[in-house]
Structures are given as C-alpha cells and as structure tokens.
Amino acid sequence: MLGKRVKVTVDRPFGTYHPQHKELYYPINYGYIEGIIAPDGEEQDAYILGVDKPVSEFEGVVIAIVHRKNDIEEKWVVAPEGSVFSKEDIKTAIDFQEQYFDSEIIMTEVKFYKSVDEALLKFAVIAAKADGKWVFCKHRERDTYEFPGGHRESGERIINTARRELCEETGANKFDLRPLFYYSVTAPNLFNGEETFGLFCYAEITEFENELHSEIEKIIITDELPDKWTYLLIQPLLLAELRNRNIRRNPTCELLVFNDFSGVDIQEFLNIYKESSEENSKHRYPELSEKEALKKYENGYTEYMKNHFFTDSRKLFVLADVNHYLSALRLSKISPGKYYLEALETNPQFRRMGYAGDLIYRTENYLKKRNNKFIIISHVEKSNTASLNTHFAVGFEITADYYIEDGECFGSDYELTYSSEDTNKISDKRITQ
C-alpha cells in the first residue's frame, strides 16, 4: 500500500474540533478513503500532511502506515507526491491523536551517508542528463519512469555497476560519470525489510547507441520530471538530495594537467590545500602566530611545487570549473605502467559533491588513452574513511594494510591499487570520455 496514489475525502478539516470529543483539535486535515475498508469495518482513515489549509478532498500518495498495537485500527498518512517527511516529522504531526495509542509508523526510509563499506553496496543509481535535459527510463513491464540503475553483479566494483547500468539502460556509450553520495533504503516491501545500501551517481551523456539492449523499453530526454515515478517514495528523495548538493544543470568541469607550475593559478591551488596547510603549519611552526605560520608554510609549498616537484615523470592534475579549482592530486610515474597518486585534496567549500572521485576517474581515463596497461598506487590513512570510499568508488582496492618507504614500515595507512586491466568487462568504447 505504501506508494499508492489515493483520494481522501476530508470530514475533519484543518483547524476544526472532533464532533464528539470537543477537546480534540485537528492541526492537519483528516479524512477517509472511499471504497477501501479498514480492519474495523469502516472506510480507511487517513492523515494528510503537507497541506496547511482546510480542504474538502485531497489526492496524494500513501507515505506511511500507522499501526496501533492496542487498537484494531490502522491509519494511513497521505502527502503530496514528491514531498519529503521523516518518521519524526510524521510522529510530531499526528501526535495530537496518536498520543492516546501505542503506535508505530511503518514507512519507506531513505538515509544518506558520507561513507559506506564497499562490501555493503548492493546497487547503483544514476541521475543522468544529455544536453542539459533529464534522461529517464521506462521498463517494458511498467508504465512508470525511473533513473537508470540496477543491482551489483558478483565480483563487480560498485562504480562499474553504475557504468554498466547506464550503458545498458540508456544506450549511452560516451559519458562523464561521477559518484555523488551513498544512501540506504529500508522498506517493508523491499529487501526483506532490511536496510540496504547503494551508490548514487551523476552523469552527463554525450553520445547514445542507436538501440537498447536491456529490459528497458525506451528512454525519454526531457526538461520535466516524470508524472509517474516507479519508486515514488525513493526517487524524489534522491532528487532532493541531488539538488541540495548544488549539482548544476550543465557542469563545466574540466581536467587540467600541468607539466610545470607556470600555468597554475597559485591562489586557487592553495585554496584547495588550505585546511591541511593550516593544520600542518601549526605543527611545523609552533613559535609563530597562526597567520604567520600559514603564510610561511604556503610559501614553502609554493616554492616546492615551482622548483622541485615537476619532472618528466611528475604531473599535477586539477579538476576545475569556470571559476574555481575544485580538487587536485599529484601523480608520479614510478616505472613503465606504474604510477603513484598523492596529495588528493578538495577545496573545503566544494566537499561532499563528488569532485575528488570525479578527478581520480578523469585521471584514470587520461592514462587509459596513453597506456594499454597500468596500475596506480595510493596510500590513505586507515582513519580517513571519506578518502577510502572515494578511492573504492572509482575502482581502487586495498592491496596491503601497511606500506614500506625507505625501509620504514607505516601501519597507519592502507596501500590501495587501481588496475586498468580489472574493468569488469566494461569496454573502453563504452566509457570513453
């Protein structure tokens, strides 16, 4: 019943009192659904949320069921399609009446996370656009629309799940895809009611194949959102989170590759590393004020980049938009086909928007165009779960729980490795950038 579209006839409007119990005030609209009989033999009662004025009838979606443990009745909670209410929101709204009962709220819950263990991720979903317009899929057996996406196959990296599903369900063969956030779904009618985790991505598609090779009947490319969502209690929440993260309609990000420091915008570069520079400067120059220590540290870092970092085997990679440097990393060629990634940082004001993962992904593709086979090694602190999950999302795996440098063993970091050969059968053509 959750997600069902219903029409509620309102017999106790917003701002009125119960006809018999005069002390019971209705701060929301309350009514019944004609033709649906509840366990008490009467027509099904429903609370209406998201409407702040009296109405005589209302059409919306069932977002929750209120189960009374000490009463035969159940109440439904109905709200405008696409609206977002938490369990706590619902509890607060209906407490005027449910305070007299031992009630539990049964609903589909969607939660968002900064990081999730790669092993727990079961599916990937992609918000895709082409020429600034949304790309939605229609399954052959349904009359509704959805984001492309699907379940992870055995042994598959979750980022490759996203790439594969985007290819299969939309026919995209040229696109720019980046992971955005992790989320979970807990619903009584899905995954045996257990909390299940997934990865949400954003993609810009630049070229499609001529036909689809999946259970998808067709795709639509449109400025408008669908009238009928397949997962009505999930997809609007993902869309709302996408918008909260300020993903622009036409991203203008590009990969900048520097062979020397002459073309680098020094202030934008330093802004990326500002937070770590502030922390490092305090330890390195404790005798100075914070402002003086930061200035001295940044001057030293700039001098190192100008005069010591760059060689024929070392490059600086920056992800930038038209106004700012968003994220950066340094890449060193250790030997033929072997690279070392370090100093991955994102400008603090642009974090949690997927830019670090996007930068690594673009760097991988930069190397793919120039190398048949290669590996990238990176060292990440075991406590840095955000960076670890960024690496996992773009195909890195833990290959050692320590690393050795100049004969010294470092047990606080993981060694992670990306291999261009392990692509889960996603062809280069289908992920060309």
Side-chain angles (χ1 to χ4, degrees), residues 112-121 124 157-162 177-183 197-202 245 253 255 269-281 283 301 305 309 314-320 324-332 334 338-367 375-405 409-419 422:
F112 301 97
Y113 295 91
K114 291 182 179 179
S115 62
V116 174
D117 189 326
E118 169 87 4
L120 295 177
L121 298 168
R157 292 172 177 154
I158 195 64
I159 191 65
N160 281 342
T161 302
L177 179 146
R178 59 186 171 105
L180 289 184
F181 54 81
Y182 302 95
Y183 72 101
F197 299 88
L199 173 69
F200 191 83
C201 300
Y202 179 80
R245 291 168 182 263
C253 296
L255 179 67
F269 174 77
L270 292 175
N271 287 344
I272 288 177
Y273 295 95
K274 185 174 181 61
E275 194 172 270
S276 59
S277 294
E278 288 174 340
E279 186 66 26
N280 291 335
S281 65
H283 296 292
Y301 191 24
M305 292 298 296
F309 171 72
R314 291 178 177 178
K315 299 180 187 295
L316 172 68
F317 290 75
V318 174
L319 184 70
H324 299 287
Y325 286 5
L326 306 171
S327 191
L329 63 83
R330 303 199 304 253
L331 194 72
S332 301
I334 302 171
K338 187 175 183 180
Y339 297 85
Y340 180 64
L341 184 157
E342 62 181 338
L344 173 66
E345 291 271 3
T346 298
N347 185 318
Q349 73 180 98
F350 300 117
R351 285 181 183 163
R352 295 191 63 200
M353 298 175 69
Y355 290 126
D358 190 5
L359 172 61
I360 299 176
Y361 180 58
R362 291 179 188 237
T363 302
E364 291 170 354
N365 280 284
Y366 173 90
L367 295 177
I375 63 170
I376 306 174
I377 296 171
S378 181
H379 296 138
V380 180
E381 288 187 10
K382 294 177 180 178
S383 60
N384 193 345
T385 55
S387 183
L388 287 170
N389 279 287
T390 295
H391 282 74
F392 295 152
V394 291
F396 278 78
E397 293 182 343
I398 295 174
T399 47
D401 63 358
Y402 64 90
Y403 74 95
I404 297 174
E405 184 175 300
C409 180
F410 294 84
S412 61
D413 289 17
Y414 285 121
E415 180 175 279
L416 297 98
T417 302
Y418 172 86
S419 172
D422 187 6

* Are Leu388 and His391 side-chain neighbours, meaning at least one heavy-atom pair lies under 4.5 Å? -> no
* **Test log, rule side-chain contact (heavy atoms from CB on, under 4.5 Å), inputs Leu344 and Val380** => CA-CA 10 Å; Leu344 173 66; Val380 180; over 6 Å; no
* Return the minimal non-hydrogen interatomic distance between Ile158 and Glu118, and the atom names on each side. => N-OE2, 3.2 Å
* Where is the tightest heavy-atom contact between Tyr339 and Ile334, given as atom of each residue plus distance? -> C-CD1, 4.0 Å
* So which heavy atom on Pro179 is nearest to which on Cys201, and how close? -> CA-SG, 3.8 Å
* **Atom pair CD1/OG of Ile360 and Ser378 - distance to nearest 0.5 Å** => 7.0 Å
* Residues forming a ring-ring contact (aromatic ring centres under 6.0 Å, His included) with Tyr325, sequence neighbours excluded -> none
* To do: In sequence, state the C-alpha distance, the side-chain angles, and the governing distance for Glu342 and Ser332, and then conclude on side-chain contact (heavy atoms from CB on, under 4.5 Å).
  => CA-CA 8 Å; Glu342 62 181 338; Ser332 301; 4.1 Å; yes
* Any Leu331 side-chain heavy atom under 4.5 Å of Leu367 side chain -> yes
* Asked: Does the side chain of Tyr418 come within less than 4.5 Å of Arg157's, by heavy atoms?
  -> yes
* Without swapping roles, check the side chain of Arg178 against the backbone of Gly357 for a donor-acceptor pair under 3.5 Å. => no
* Asked: Taking the six-membered ring where the residue is Trp, are the ring centres of His379 and Tyr340 under 6.0 Å apart?
  -> yes
* Could you give the distance from CG (Leu319) to CG (Leu255), rounded to the nearest 0.5 Å? -> 7.0 Å
* Report yes if the side chains of Tyr355 and Cys253 come closer than 4.5 Å at any heavy-atom pair, otherwise no. => yes
* Asked: What heavy-atom pair brings Phe309 and Leu316 nearest, and what distance separates the two atoms?
  -> CE2-N, 4.2 Å
* Tell me, do Lys382 and Asp401 make a side-chain contact under 4.5 Å, heavy atoms counted? -> yes
* Flag side-chain contact, heavy atom, 4.5 Å: Phe396 against Thr390 -> no
* Assert yes or no for the condition that the ring centre distance of Tyr301 to Phe269 is strictly below 6.0 Å. => yes
* Got Ile159 and Leu177 here, is their nearest side-chain heavy-atom distance under 4.5 Å? -> yes
* Structure fact -> Tyr414 meets the ring-ring contact (aromatic ring centres under 6.0 Å, His included) criterion, sequence neighbours left out, with none
* Carefully, step by step, assess Glu345 and Arg330 under the rule salt bridge (charged side-chain N to carboxylate O under 4.0 Å, His left out). => CA-CA 10 Å; Glu345 291 271 3; Arg330 303 199 304 253; over 6 Å; no
* Structure fact -> Rounded to the nearest 0.5 Å, the CZ atom of Phe317 sits from the CG atom of Leu341 at a distance of 9.0 Å
* What heavy-atom pair brings Tyr273 and Ala343 nearest, and what distance separates the two atoms? -> OH-O, 2.7 Å
* Asked: Would a 4.5 Å heavy-atom cut-off, applied to side chains only, mark Thr346 and Leu326 as touching?
  -> no
* Could you tell me the separation between the CD1 atom of Ile376 and the CG atom of Leu416, rounded to the nearest 0.5 Å? => 11.5 Å
* Can you sort out the partners of Phe200 under ring-ring contact (aromatic ring centres under 6.0 Å, His included), two or more places apart, ordered by chain and number? => Phe147, Phe181
* Structure fact -> side-chain contact (heavy atoms from CB on, under 4.5 Å) with Leu199: of Tyr182, Tyr183, Phe392, only one passes, and it is Tyr182
* Are the side chain of Thr399 and the backbone N or O of Glu415 linked by a donor-acceptor pair below 3.5 Å? -> yes
